[in-house]
Amino acid sequence: MSSPPTAPPAAPESPPQPPRRPGGGRAVLALLRNAWRGLTSMRTALVLLFLLALASLPGALLPQRSLNQQLVDQYFADYPRLAPLLDKVGAFEIFATPWFAAIYLLLMISLVGCLTPRSLEYLRAMRQKPVATPRNLARMPHHAEGVVDGTPDEVLGRVRTVLKGWRRAERDESGARSVSAERGFLRETGNLVFHMSLVGLLVGIAVGKLFGYEGQVIVLANGGQFCNTSILGYDSFNPGLRVDGTDLAPFCIKVDSFTAEYLPNGQPEQYTAELGYQTADDVRSGDTATWRPDTLAVNHPLRLDGERVYLLNHGYAPRFTVTWPDGQQRTGEIQWQPVDTTTYLSQGATKFERPGIADDATRQKSSIAITGLFAPTSSGGQVVTSTYPDLLAPEAAVDVMRGDLGLDDGRGQSIFSIDQSKVDSGELVRVARENMVPGQEITLDDGTRIRFDDVTQWVALQVSHDPGQVTVLVFAILVLLGLGLSLSIKRRRFWVRVVPADDGPDGRARSRVELGGLARTDRAGYGEEFDRLRADLLGPTDAAAPTTRNGGD
Amino acid sequence: MPVDPMLSEYSDLLFKGALTVYVLAMVFYAVEYVSSRARVRTAVAETEAAHEPAAVGARGTGSADLGVVSEENADVPPPAAKAPKPSRSRADRFGRMGVSLTILAVLLHLGSIVLRGLATTRWPLGNMYEFTSAVCLAAMVAWLVVLQRTSKRTRGLRKLGVFVLAPVLILMFLAGTVLYAQAAPVVPALRSYWLAVHVTTVTLASGLFFVPGVASILYLMKRAGKPAGFTAKLPEADVLDRLAYRVTVVAFPMYTFAVIAGAIWAEAAWGRFWGWDPKETVAFVAWVIYAAYLHARATAGWRHVGAAWINILGLAAIIFNLFFINMVVAGLHSYAGLG
Ligand code: HEM
């Protein structure tokens, strides 16, 4: 090939080997340089991609703590020997392990190290003239030649129109004129945008992991309120690494009602909750009298300034009133937990401390707990079961317990159950067992009356805060655009060489034209375009000649 | 919303009809494959023809890709042998009928999916049966498009129909039996226009990935040359390789889009755009594998056999995600309508 000094040949695909420099002090430097070169090579990228795929796989096959702690516990019970070993290497929280982080961080470093020089190279190539026309165009993968009417100047004029949109350079060769043209630089742009956006994406995700949080809270759907003022307001809370809960945006939510629609077979159709909210700004400015209305539904969160509120689940809270013999009365209403997600059979424990008694010991002894099962649509038999998730024929099968609930012991206890140790020790005794429908009342041996008043619905809300989310979205879109460009555009070259030919039989000037084409980086899909250019410049071929030989191209 | 039982029944009928016609089409392709000839000799003749100096001035000698001779060339009868051989014309006839039957089956299949949507008045991709069926349709449409785009130059790919149809038929059979679910409305989490965006693109991309997966398997067999009688009838390795690549570069961005759309939907439905749910995890794994495939094609020493293996691995991950994750692993995506 003839390559004049002004136009060096195509950029090498791999960095050129530097001259070897044997020498003591430089050995470390050379080692580092080699390590860097190794890390930023295409082969390393490939290996790291493989490792990434392989390392993620256990995340799908083994239970993960972040998704379901119960399944992890179950796994420990099922495989008592294996599970602790797996746990040591972080197999139950793969995506939080240092070695998983190591893989993707290495990949990102490799990526930056690989693509920075490549992009510089690319900028340089963009400013340079297209590479000179090779002497022997017949050696190119795509090649054609012919004799056409017109002087070389006229032909070159035609070439310029046909190659509109290509980067071109015209050169005078001895006795010939040539045009070299290049197209498809956007492919490289796309490739860079794609890879760099992957880094941006990771940065956005990291911001979310550091400064985001997620909290779940259950609120009664009868005007129950929740304010995002501290972590303590939540039933569970997952803070980001740099979140301590001291400056949450103090918005408030008031849940007015909850509606579920069901199909006849019990499958839910839609859940909606009507609510009012006060933004953090409302609360800060002291405007706490008005509530802004909103309807929360599945797939339809409430989007506040930096937080989002989701409707995750719902359930029932039976309301009981206890009237002690001395006339003191207490009403309790707390969520019971659905144990069957299709029929919403629920279980729970509504607990009452006896009021109006000064003596701690006596007060504790006469606390009441109502535990058992609740069916929104009862089957109606002696054993209460639920047949339908909606509130059609509510019934509760309760055990009334009296005694010491252990609420003052300082030990946390589940809101859904009573402290079994108190039952075992005889400090908490069952004093009644009954199936009750709303409105029904029972009287205990000591004259205490217990009434099942009504049923309220509760909703489980999730509050999410992720300051990196928009960044992630923007880079995800850039990833997609970059990918589209880089995979749909081909980098390709086209050369034309024109020499004067003998005049035609009619005495008009003619030129001999030679064409060559080369697709860079990608082998598929240049043939048709080349054939089109050939037809434009040389005129239609005779029908018998196949136009492109390696058809798939 | 009520389900129209009549429309749903017609939908099932069309599904069965499509399945039957696909089976027939496969038989025709199989006959074509068996009665087609290994064209080694012809290919050599054609190579020589291709290297003949261009006698006439304005005649493109095209792009013979430096000595690589493709099956497509071979299928263009050399000038000396214009008259088709009898065996070939029979193969050809069967192949043509195979394609016609495929088109018919695709229409029935499409009808079945459309009727399901009408019967339930929702987007018909709400359970395993529905999207397995749609993945199969996507694979068959992708295959027809490939045939159409290459038909100008070649009929050499057509007889591969039998290999594309085989896995598709297995899936369709599973869809119609094990995975089958009555037409019904979907749960609240699936009531979103993102269902249409996300699941449709996932389905299309998965269907598309079938073609390169099959092409890469055949490519590896052709390179190995074993079993000889079988592989001799396959198109040139080069053609298979290119087929795999060209369909993958369409499917991969589509898959990327689908994953991003899924993340956007997850943000609206579950409160986070990514949570390493098993389905999300395997989608990520599959995506990384296909990225590795594209890298392998630019990495010395991995360009050919290595890349093909990676492509097959990618399809394995896609299929694994479609079935295993839905049916065996519990996760947020487990509303597949099974059990
Ligand atoms: C996060 C990890 C990575 C992913 C997901 C990824 C993905 C991809 C994809 C999908 C392509 C195909 C687009 C195209 O052909 O233009 C590609 C191409 C490419 N990647 Fe990466 N990549 C990653 C990391 C890297 C790294 C670390 C390097 C450098 C060592 C690298 C260098 C390249 C190059 C040079 C190409 C162009 C190949 C060609 O010319 O055909 N990538 N990458």
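Here is the naming used below: chain letters follow the sequence lines, and residue numbers restart at 1 for every chain.
Here CG of A:Asn299 is found 9.0 Å from OH of B:Tyr193. Values are rounded to the nearest 0.5 Å. Separating the CD1 atom in B:Ile289 from the CG atom in A:Leu54 is a distance of 9.0 Å, to the nearest 0.5 Å. Here A:Leu49 contributes atom CG and B:Tyr290 contributes atom OH; the two are 14.5 Å apart, rounded to the nearest 0.5 Å. To the nearest 0.5 Å, atom CZ of residue A:Arg303 and atom CD of residue B:Glu267 are 4.0 Å apart.
Under the rule for a ring-ring contact (aromatic ring centres under 6.0 Å, His included), the partners of B:Trp274 that lie at least two apart in sequence or sit in another chain are B:Trp276.
Between the side chain of A:Arg43 and the backbone N or O of B:Ala300 there is at least one donor-acceptor pair closer than 3.5 Å. Side chain of A:Asp466 to backbone of B:Arg272: no donor-acceptor contact under 3.5 angstrom is found.
Ranked by heavy-atom pairs shorter than 4.5 Å toward chain B, the options A:Pro268, A:Ala138, A:Gly59 are led by A:Pro268. The candidate from A:Ile477, A:Val47, A:Val298 with the greatest count of non-hydrogen atom pairs under 4.5 Å with chain B is A:Val298. No other option in B:Ser192, B:Ala184, B:Gly271 has as many heavy-atom pairs under 4.5 Å with chain A as B:Gly271.
For B:Val259, no part sits under 4.5 Å from any heavy atom of chain A, backbone or side chain. Heavy atoms closer than 4.5 Å to chain A are found in the side chain of B:Leu313, but not in its backbone. At a 4.5 Å heavy-atom cutoff, the contact between A:Gln270 and chain B is made by backbone and side-chain atoms alike. At a 4.5 Å heavy-atom cutoff, B:Tyr293 makes no contact with chain A through either its backbone or its side chain. Looking at A:Leu57, the atoms closer than 4.5 Å to chain B (heavy atoms on both sides) sit in the backbone and in the side chain alike. Of the two parts of A:Glu261, neither the backbone nor the side chain holds a non-hydrogen atom closer than 4.5 Å to a non-hydrogen atom of chain B. Of the atoms belonging to A:Leu473, it is side-chain heavy atoms, and not backbone ones, that fall under 4.5 Å from chain B. At a 4.5 Å heavy-atom cutoff, A:Val309 makes no contact with chain B through either its backbone or its side chain.
Looking at every heavy atom in both residues, A:Leu483 comes nearest to B:Pro253 through CD2-CA, 3.8 Å. The two atoms that bring B:Val285 and A:Ala53 nearest to each other are CG2-O, 3.6 Å, heavy atoms only. For A:Ala476 against B:Ile260, the heavy-atom pair with the smallest separation is O-CD1, 3.4 Å. Across B:Gly275 and A:Leu67, no two heavy atoms sit closer than the pair O-CD2, 3.5 Å. Residues B:Phe284 and A:Ser56 share a closest heavy-atom pair of CE2-OG, 3.4 Å. Of all heavy-atom pairs spanning A:Gln469 and B:Phe273, the tightest one is OE1-CD2, 3.9 Å.
Annotation: side chain of B:Thr281 is in contact with side chain of A:Phe95 (closest heavy-atom distance under 4.5 Å).
Within a 6.0 Å sphere centred on CG of A:Asp502, other residues, nucleotides and ligands contribute 12 heavy atoms or fewer. Counting heavy-atom neighbours within 6.0 Å of B:Trp194 CH2, excluding the residue itself, gives a total above 12.
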